[in-house]
Amino acid sequence: MSAIVVFDSTYGTTESVAGTIADAIGGSAVSVSTISPDSLTGVDLLFVGCPINGWRPSPRMQAFLDQLHPGTLRGIQAAAFDTRVHSPLHGGAAGRVTRRLKPAGAHILAGPTCFIVDGKTGPLADGELDRARQWADSIVAALAS
């Protein structure tokens, strides 16, 4: 199975989560600034993640998502995540990313998930990388059953 994590990261926290997920799924983590949707040909499993920017995906991730057309992700299993500070105000990038992956043809494996950052620039909150690994492991296990 070919697996990839496409991510955007400003302060390195989302990149850390992406790397942990990539290790768990036996894939690679690739910056959104170095990939195009055409590069996803042959990918079976796709994770997409970015930090929240004004309760939306980061501008680089939005630009990537804007390139997805109906059918671009046909046959690809996918899940989305974001990194954010803990706040009583809700809003998230992962939900918006998920809503953009579906019309492109991706089969969504899990609901959008978030990982908490302590302060705007990080680091990740205690236990978040373990939680990222567990989340990815649970998705891979569900695929195997």
Side-chain angles (χ1 to χ4, degrees), residues 1-70 72-73 76-143:
M1 169 173 47
S2 174
I4 191 169
V5 181
V6 175
F7 71 91
D8 188 27
S9 190
T10 304
Y11 300 107
T13 54
T14 309
E15 183 174 7
S16 294
V17 172
T20 296
I21 292 170
D23 287 345
I25 65 174
S28 58
V30 179
S31 172
V32 72
S33 61
T34 64
I35 194 168
S36 71
D38 294 337
S39 306
L40 300 176
T41 301
V43 169
D44 301 303
L45 180 58
L46 170 68
F47 283 75
V48 179
C50 63
I52 288 179
N53 190 299
W55 292 301
R56 290 183 165 74
S58 63
R60 287 182 294 244
M61 184 58 72
Q62 286 186 60
F64 173 78
L65 295 169
D66 287 345
Q67 297 175 58
L68 298 177
H69 303 292
T72 303
L73 302 179
I76 296 177
Q77 311 276 347
F81 67 94
D82 64 46
T83 54
R84 61 175 85 169
V85 296
H86 189 325
S87 171
L89 299 174
H90 289 310
R96 291 174 186 260
V97 170
T98 298
R99 287 190 295 277
R100 299 289 298 277
L101 297 175
K102 283 181 185 180
H107 174 74
I108 305 302
L109 295 169
T113 245
C114 71
F115 299 99
I116 303 300
V117 176
D118 286 333
K120 182 179 177 183
T121 62
L124 285 160
D126 288 342
E128 289 300 271
L129 288 180
D130 289 335
R131 204 166 65 76
R133 177 169 288 285
Q134 291 167 359
W135 181 64
D137 285 346
S138 70
I139 290 171
V140 170
L143 281 172

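We count residues from 1, following the sequence as given. Predicted model only: the values in this text are computed from it and were never measured.
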Specify the closest pair of heavy atoms between [X] and [Y], including all atoms of both residues, with the distance to one decimal.
{"X": "Trp135", "Y": "Ala80", "result": "CH2-O, 3.6 Å"}
{"X": "Ala79", "Y": "Ile139", "result": "CB-CD1, 4.0 Å"}
{"X": "Arg100", "Y": "Asp66", "result": "NH2-OD1, 2.6 Å"}
{"X": "Ala125", "Y": "Asp118", "result": "CA-OD2, 3.5 Å"}
{"X": "Ala93", "Y": "Asp82", "result": "N-OD2, 3.0 Å"}
{"X": "Pro37", "Y": "Gln67", "result": "CD-OE1, 3.3 Å"}

Would you say the side chain of [Y] lies within less than 4.5 Å of the side chain of [X], judging by non-hydrogen atoms?
{"X": "Gln134", "Y": "Asp137", "result": "no"}
{"X": "Arg133", "Y": "Ile21", "result": "no"}
{"X": "Leu40", "Y": "Leu46", "result": "yes"}
{"X": "Leu109", "Y": "Leu45", "result": "yes"}
{"X": "Lys120", "Y": "Tyr11", "result": "yes"}
{"X": "Ile116", "Y": "Val85", "result": "no"}
{"X": "Val17", "Y": "Leu124", "result": "yes"}
{"X": "Thr10", "Y": "Arg60", "result": "yes"}

Working for side-chain contact (heavy atoms from CB on, under 4.5 Å), residues Ser31 and Phe7: CA-CA 5 Å; Ser31 172; Phe7 71 91; 4.2 Å; yes

Ile76 vs Asp44, side-chain contact (heavy atoms from CB on, under 4.5 Å): CA-CA, chis, key distance, verdict: CA-CA 5 Å; Ile76 296 177; Asp44 301 303; over 6 Å; no

Could you go step by step and tell me if Asp8 and Ser58 meet the side chain to side chain donor-acceptor pair (under 3.5 Å) rule? CA-CA 7 Å; Asp8 188 27; Ser58 63; 2.5 Å; yes

So how far is it from [X] [atom1] to [Y] [atom2], rounded to the nearest 0.5 Å?
{"X": "Thr98", "Y": "Arg96", "atom1": "OG1", "atom2": "CZ", "value": "12.0 Å"}
{"X": "Met1", "Y": "Ile25", "atom1": "CE", "atom2": "CD1", "value": "7.5 Å"}
{"X": "Thr13", "Y": "Arg84", "atom1": "OG1", "atom2": "CZ", "value": "12.5 Å"}
{"X": "Glu15", "Y": "Cys50", "atom1": "CD", "atom2": "SG", "value": "14.0 Å"}
{"X": "Ser36", "Y": "Leu68", "atom1": "OG", "atom2": "CG", "value": "10.0 Å"}
{"X": "Phe47", "Y": "Phe81", "atom1": "CZ", "atom2": "CZ", "value": "8.5 Å"}

Audit row: Ile52, Arg56, side-chain contact (heavy atoms from CB on, under 4.5 Å) steps and yes/no: CA-CA 5 Å; Ile52 288 179; Arg56 290 183 165 74; over 6 Å; no

Within a reach of under 6.0 Å around CG of Asp126, are more than 12 heavy atoms found that belong to other residues, nucleotides or ligands?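 It does not: Asp126 CG has 12 such atoms or fewer within range.
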
Does Arg131 reach the main-chain N or O of Cys114 with its side chain, forming a donor-acceptor pair under 3.5 Å?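 Answer holds: yes.
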
Verdict with reasoning, Ser16 to Leu129, per side-chain contact (heavy atoms from CB on, under 4.5 Å): CA-CA 8 Å; Ser16 294; Leu129 288 180; 4.2 Å; yes

